[in-house]
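Here the structure is a predicted model, which means the values were calculated and not measured. As a basis for the values below, the full set of heavy atoms in this structure was taken, side chains included, without hydrogen atoms, waters or symmetry mates.
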Amino acid sequence: MANERSTITSDNGDERPWSDLNHDLLLLVMMQLGVIDFLAFSGVCKPWRLIALSNKNKFLVSRPPMSLSFSTNANETECCLEDFEGRKFKTIVPHSAERTCIGVTCGYLILFGVKPRDFWLVNPITRHELHFPNVPFNYSYVCKICRAILVFSPSLSKWVFVFLIKSYGKIWFSIADKREWTHVSNISYICDLYAFKGKVYTLHDHYSDYSISELRLYPTPKLTLLESIDFQNPFFQRPLFVSSGENLYVMDLYVGYQYKIYYELDFDKMKCVWREKTGEKYACFFSGLSYVAAIILIEPGSNLHTQYKRYARYGVTTRSGKEKHFYAKMWYFFHEFFNE
């Protein structure tokens, strides 16, 4: 990539720095890049970084995820990210010895150890790390029926790691640089936990009466029921949150990893919208290891099924057409990469 001192020569022979390129042209070029090249683009010079940061959401939401896999030798673990064209990005993951990767959140791999029972969160691209202390609960449940997310707290100016073990009915969280865990309890079964636009939401099942609450971590941890959000007697089998980057939905996961998106959640108007009436078509990328999914709007003429053919699974036919479902052991979702 160019640097700020590099120059380009115009038709009349004048030399000008790369940073003086027309912004519309730079944006057009940037939108054609892969994610790794986008990160390099943002580090070229101040004008290019400004363009990258001001358009990062538009860029990242438009990028389908990469499949994530690991190879292990005696001393270290190598992480491999692969896009639908077969291009690979490989890196060594620190703190991976005797640890299990239980998921991905905000671009960080979630590594959990048995001895000690702590968490290391490592971003395989930026190499940034976060450490959280030994867990105060039975570690045997951690890799089985859990949800772990990372959320940035503006009030604390720190990252907070939030962990749900569904069978316990408790949500635990730890603030970065603090050597402690705090928990919030709820009498109803908590189906799922999700960080969206700086807030944390929970999905509850109280005898098939579903509801959503907002989890507030500071100053006093508590769950606040959002009473105005009514699901109108749904028939869920395994409800989950799923996001497209800009929107949050509730979907239902069927046997055989089939799915159906039911509701779009509108937190500005505090209501949910029956999704089938929109007529939009989505592709769902489902991670089997951590039971996390993300969806991408299928644009007219999109060729996602051909691109991700080896990951394709059965879809569900709805009023809006055939849904596309792509399954991998783990997906790396880029729309969550800068989720602060």
As an exercise, state the distance from CG of L111 to CG of L130, rounded to the nearest 0.5 Å. 11.5 Å
Is the backbone of A52 close enough, under 3.5 Å, to the side chain of S42 for a donor and an acceptor to pair up by distance? no
Listed by chain and number, what are the salt bridge (Lys or Arg N to Asp or Glu O under 4.0 Å) partners of R216, not counting sequence neighbours? E214
Going by atom types only, do S188 and H204 share a side-chain donor-acceptor pair under 3.5 Å? yes
Aromatic ring pairing H131/W120, orientation class (parallel under 30°, perpendicular over 60°, tilted between): tilted
Short question: side chain of Y189, backbone of H206 - any donor-acceptor pair under 3.5 Å? no
According to side chain to side chain donor-acceptor pair (under 3.5 Å), who are the partners of K158, at least two apart in sequence or on a separate chain? D177
Charged N to carboxylate O under 4.0 angstrom, D118 versus R99? yes
Those residues at least two apart in sequence (or on a different chain) that pass side chain to side chain contact (heavy atoms under 4.5 Å, CB included) with S155 are S153, Y218
Could you tell me which non-hydrogen atom of F161 sits nearest to which non-hydrogen atom of A148, and how far apart they are? CZ-CB, 3.7 Å
Tell me if a side-chain donor or acceptor on T105 pairs with a main-chain N or O of L150 at a distance below 3.5 Å. yes
Separation between CG of L81 and NZ of K90, rounded to the nearest 0.5 Å: 11.5 Å
My understanding is that only one of I110, I171, V135, I102 makes a side chain to side chain contact (heavy atoms under 4.5 Å, CB included) with F163; could you say which? I102
From I149 atom CD1 to Y108 atom OH, the distance as rounded to the nearest 0.5 Å: 14.5 Å
Donor-acceptor under 3.5 Å (W181 side chain, P133 main chain): yes
Quick one: pull up CZ in F241 and SG in C191 and give me the separation to the nearest 0.5 Å. 9.0 Å
Does the N55 side chain pair with the main chain of I51, one donor and one acceptor, at a distance under 3.5 Å? yes
Does a side-chain heavy-atom distance below 4.5 Å link F112 with C101? no
So, does D252 use its side chain to make a donor-acceptor pair with the main chain of Q237 at under 3.5 Å? yes
Flag the pair Y194 / Y201 as yes when their ring centroid distance falls below 6.0 Å, and as no otherwise. no
Quick check against the 3.5 Å criterion: does S228 have a side-chain atom that pairs as donor or acceptor with the backbone of M270? yes
If only side-chain N and O atoms count, and only distance matters, is there a donor-acceptor pair under 3.5 Å linking Y249 with S243? no
Looking only at heavy atoms, the pair that brings F41 and L26 closest together is CZ-O, 4.1 Å
